[in-house]
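Predicted, not measured: the structure shown is a model, and the values here were computed from it. Protein chains get the first letters and strands the later ones, always in sequence-line order, with residue 1 at the start of each.
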Amino acid sequence: MEAMEFLRGVAADPHAYARKWKSSGGGRVVGYFCTYTPDELIRAAGCLPFRIFGSGGNMTRADAHLQSYSCSLVRGGLEEALSGRLDFLDATVFPHTCDSIQRLSDIWRLSACVPLHFDVVLPVKLNTASAGRYMVDVFKKFRSDLEGATGTGIDAEKISEEIRNSNRMKRILAGIYEARSADPLSISGGDVYSLIKSSMVMDRGEFIGLAEEVLAGLGPGASAGAGSLKRIVLAGGICSHPDVYSILERSGAHVVWDELCTGTRYFEGEISEKGDPVESLAARYMDRIVCPAKHSDIYARGKNIVRIARERKADGVIFILLKFCDPHAFDYPYMKESLDAGGIPSILLEIEEKLPPEGQLLTRLETFVSTL
Amino acid sequence: MADEKKTVDPEKEKRKIKSVRRMKEIMTAYYIDAKNAGKSGRKVAWITSGGPVEPLIAMDVIPVYPENHGAMIGASKMGAVLCAKAEETGYSRDLCSYARSDIGASLTNGGPIGGLPAPDFLVCCNNICGTVLKWYEVQARKYNVPLFFFDTPFIHTDFTEDARKYVRTQVDEYIGFLEQACGRKMDYGRMEEVGRLSVKAQRLWRDVLETCAHSPAPMTAFDAFFHLALIVTLRGTRVVVDYYTELLAELRDRIARGISMVPDEKYRLIWDNLPVWYKTKWLSDKFAEHHACLVADTYCSAWSGVLDLIDENNFLESMATAYPSIYINVSIDRMFVILKNMLVKYRADGLVMHSNRSCKPYSLGQYDLQKMVMKELGIPVLIIEADMVDERSFSESQIETRIDAFMEVLKQGR
């Protein structure tokens, strides 16, 4: 499938995509780390939002700014910027995420040499009316700051158009997830990873066209043996290690759903296409399944992971967490307890810049899968 | 925390701060009150160290501080054991050791005071970190009690009017929450009085700390770490004002009589970050050995750092600006301005930064601050890697070597 091949290429080298987009008259590229970034506003300003995923190792410059107890996303992201590999960025947006990214924003503003810097200090509390009003205020200010910085007016109709595009993208991704859940062999975990990752760095219209083709082309998998595969749900934050999927598949299991920031937490929950578009955007960020760095119903994530595991008939859940990610590490024991109470087995994989040696990881996963 | 020797050495006796005894009495009475809250019918609220305690005092709620508890656990050298208890239940060893040791203590009723009294409700303010939010969510689930979250947007470049309005609204929401939790209305007259006492205490605390601008300093930052407990826990009460009045008089008297804490003080240093609670005595002795006095620190001064933003006659209104503006809720460049003023004001010869594995908002950015201080002020900076409560993350020989080498640099600079 040509579309899938193209998306795999983007996921493997998103920088090349962004450079090409820019040099072919695209406009400004705006980097971001967190999916609470209102990317619809950035797109409405004619810019390309570009999610930064870290560098996958070889830290040389970031260590002069960050202690070894910062997570690999923060250190890796800074390494990318300081080494010049992100020199195509015109701006970076930091919506307040966590303690580490909060400080990364300062270091980035002072050292990363990206021309424009936006701190979009969102509320951390997402379950009160006053926080909702503040969220709207913050988005409105970001909109006018973007207008000022880019010299481009962002009118409501443009934002509404981007909201409609986002919803289309969300429906396509949900469709692909549903297809995989119904037939785990219809698409590989690595390809789903490539789809999600490229959706976060690509021109939306172009992505939608390609992802629609992928969805339309999904046929039944080589379903021989599908019945014996264990059904796995992934939980956690950002998963930027595609090898996990192939190793997991070799261990006799297949991911059927996830609760990742690079997954359902990113695309679930459509944005209202009625009313003021900025208020609709804010409402969606208030309502989405909460990131552990934010505060809402304190039982929501536990219930959600159990619900997902049951609905998806999962045999087990794999928590894939970045080492030194405090918000996730704090939620892990209670989420695991929720799963235990529901009789759903789980395992924790703590990931740094690089995955553990393949053999070791395979053995751990095989051991887990064999108990399911 | 405080130094107490069994054998009486007149020289050491002279240097001891006599108010310490009164302080211990107050803290003991406070914890007895808190532990007996069930009998007295008063409500107990757990609250974060940077949180708005004044409305609790006005509502006659007993504020209890898991962070102060963490500091006591650390000072009692019980950190590693209690942290390990939390780790056994799935909490990563990389998490904050205040949180781990508090969770460990609440699981086992362990620690120096047999665990904290159970809360009736929780008040969490994220002006110190996002970690407290996760920690309080854990405890809200464990004790099944209401949690009020006071959300103070971080200040990178500006504190916006939108953010101020959001925090101001939360002040009213907070009072509404307290009224519901306590089953009675706020007495705003009492609240005004508590606000005035809080400001008075913060001024006294600032004055106490500033006595160390004098050379030689009448106390060190290690003493300040001990005397800090009151401004954190009970500000807004009369007892804090009375205590710091007494302490300030004693320190001024020491200055008048030429009593310094470090014998023959030659080097004046500033400390950055939380104390290493289980090693304060060791560190204090180590620096004193080099005739170095830690004359100020960025941690203790955080509890008087926003005085300019508080209007004692309009306390609730000004809370909305003051609470988000404290030291670690601002950007590195804003922190540098405060740090620079401190280095100049105290005529510091060097800066010692504790890179604290437990505290990312305080520690990440220290490498940049180090470079700024060295570049703009030409002052040497030592960074020591440790942890505030978990003694497993302290390498004594390595840190000793680094301190000795740092002091050597200072001596050669003279």
Between chain A and chain B, which donor-acceptor atom pairs come closer than 3.5 Å, counting both backbone and side-chain atoms?
from   : atom 1 : to     : atom 2 : distance (Å)
B/D94  : OD1    : A/K323 : NZ     : 3.4
B/D94  : OD2    : A/K323 : NZ     : 2.7
B/G130 : N      : A/D99  : OD1    : 2.7
B/G130 : N      : A/D99  : OD2    : 3.0
B/T131 : N      : A/D99  : OD2    : 3.4
B/K134 : NZ     : A/P292 : O      : 2.8
B/K134 : NZ     : A/D331 : OD1    : 3.1
B/K134 : NZ     : A/D331 : OD2    : 3.4
B/E137 : OE2    : A/H295 : ND1    : 2.8
B/R141 : NH1    : A/I298 : O      : 2.7
B/F149 : O      : A/K125 : NZ     : 2.7
B/D151 : OD2    : A/V124 : N      : 2.7
B/D151 : OD2    : A/K125 : N      : 3.1
B/H156 : ND1    : A/D106 : OD1    : 2.9
B/Q170 : OE1    : A/K125 : NZ     : 2.9
B/E173 : OE1    : A/S130 : OG     : 3.3
B/E173 : OE2    : A/S130 : OG     : 2.8
B/I328 : O      : A/R103 : NH2    : 3.2
B/V330 : O      : A/R103 : NH1    : 2.9
B/V330 : O      : A/R103 : NH2    : 3.2
B/I332 : N      : A/D106 : OD2    : 3.0
B/D333 : OD1    : A/R109 : NH2    : 2.9
B/D333 : OD2    : A/R109 : NH1    : 2.7
B/D333 : OD2    : A/R109 : NH2    : 3.4
B/S355 : OG     : A/Q67  : NE2    : 3.2
B/S355 : OG     : A/Y69  : OH     : 2.5
B/N356 : N      : A/Y69  : OH     : 3.3
B/K360 : NZ     : A/D326 : OD1    : 2.9
B/K360 : NZ     : A/D326 : OD2    : 3.0
B/P361 : O      : A/R103 : NE     : 2.7
B/P361 : O      : A/R103 : NH2    : 3.1
B/S363 : O      : A/Q67  : NE2    : 2.9
B/Q366 : OE1    : A/Q67  : NE2    : 3.4
B/D368 : OD1    : A/H65  : ND1    : 3.0
B/D368 : OD2    : A/H65  : ND1    : 3.0
B/K371 : NZ     : A/A64  : O      : 2.8

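Scored by the ring pair (Phe, Tyr, Trp, His ring centres under 6.0 Å) test, B/F394 finds B/Y278, B/W282 as partners (sequence neighbours excluded). A/A149 pairs by the side-chain contact (heavy atoms from CB on, under 4.5 Å) definition with A/L116, A/F118, not counting sequence neighbours. By the side-chain contact (heavy atoms from CB on, under 4.5 Å) test, A/M286 pairs with A/L126, A/A131, A/M135, sequence neighbours left out.
For B/L147, the part lying near chain A is the side chain, with the backbone staying farther off; criterion is any non-hydrogen pair under 4.5 Å. Of the two parts of A/L110, only the side chain, counted from C-beta on, holds a non-hydrogen atom closer than 4.5 Å to a non-hydrogen atom of chain B. Only the backbone of B/V330 comes within contact range of chain A, with at least one heavy atom under 4.5 Å from a heavy atom of that chain. Of the atoms belonging to B/A163, heavy atoms from both backbone and side chain fall under 4.5 Å from chain A. In this structure, the portion of B/L133 lying under 4.5 Å from any heavy atom of chain A is its side chain and not its backbone.
Distance check, rounded to the nearest 0.5 Å: CG of B/L309 to CD1 of B/I326 gives 11.5 Å. Atom CD1 in A/I320 sits 7.5 Å away from atom CG in A/L260 (nearest 0.5 Å).
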Exercise. Assess whether side-chain contact (heavy atoms from CB on, under 4.5 Å) is satisfied between A/L78 and A/L104, documenting all intermediate values.
Key: CA-CA 8 Å; A/L78 186 64; A/L104 176 66; 3.9 Å; yes
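Minimum interatomic distance between A/V317 and A/A235 (heavy atoms only, all atoms of both residues): CG1-CB, 4.1 Å.
With chain B as partner, the option from A/C325, A/P327, A/A293 having the largest number of non-hydrogen pairs under 4.5 angstrom is A/P327. When the candidates B/C129, B/G365, B/A140, B/C124 are compared by the number of heavy-atom contacts under 4.5 Å with chain A, B/C129 comes out ahead.
Between A/F33 and A/V93, the closest side-chain pair of non-hydrogen atoms is not below 4.5 Å. Counting heavy atoms from C-beta outward, B/V138 and B/I103 have side chains that approach closer than 4.5 Å.
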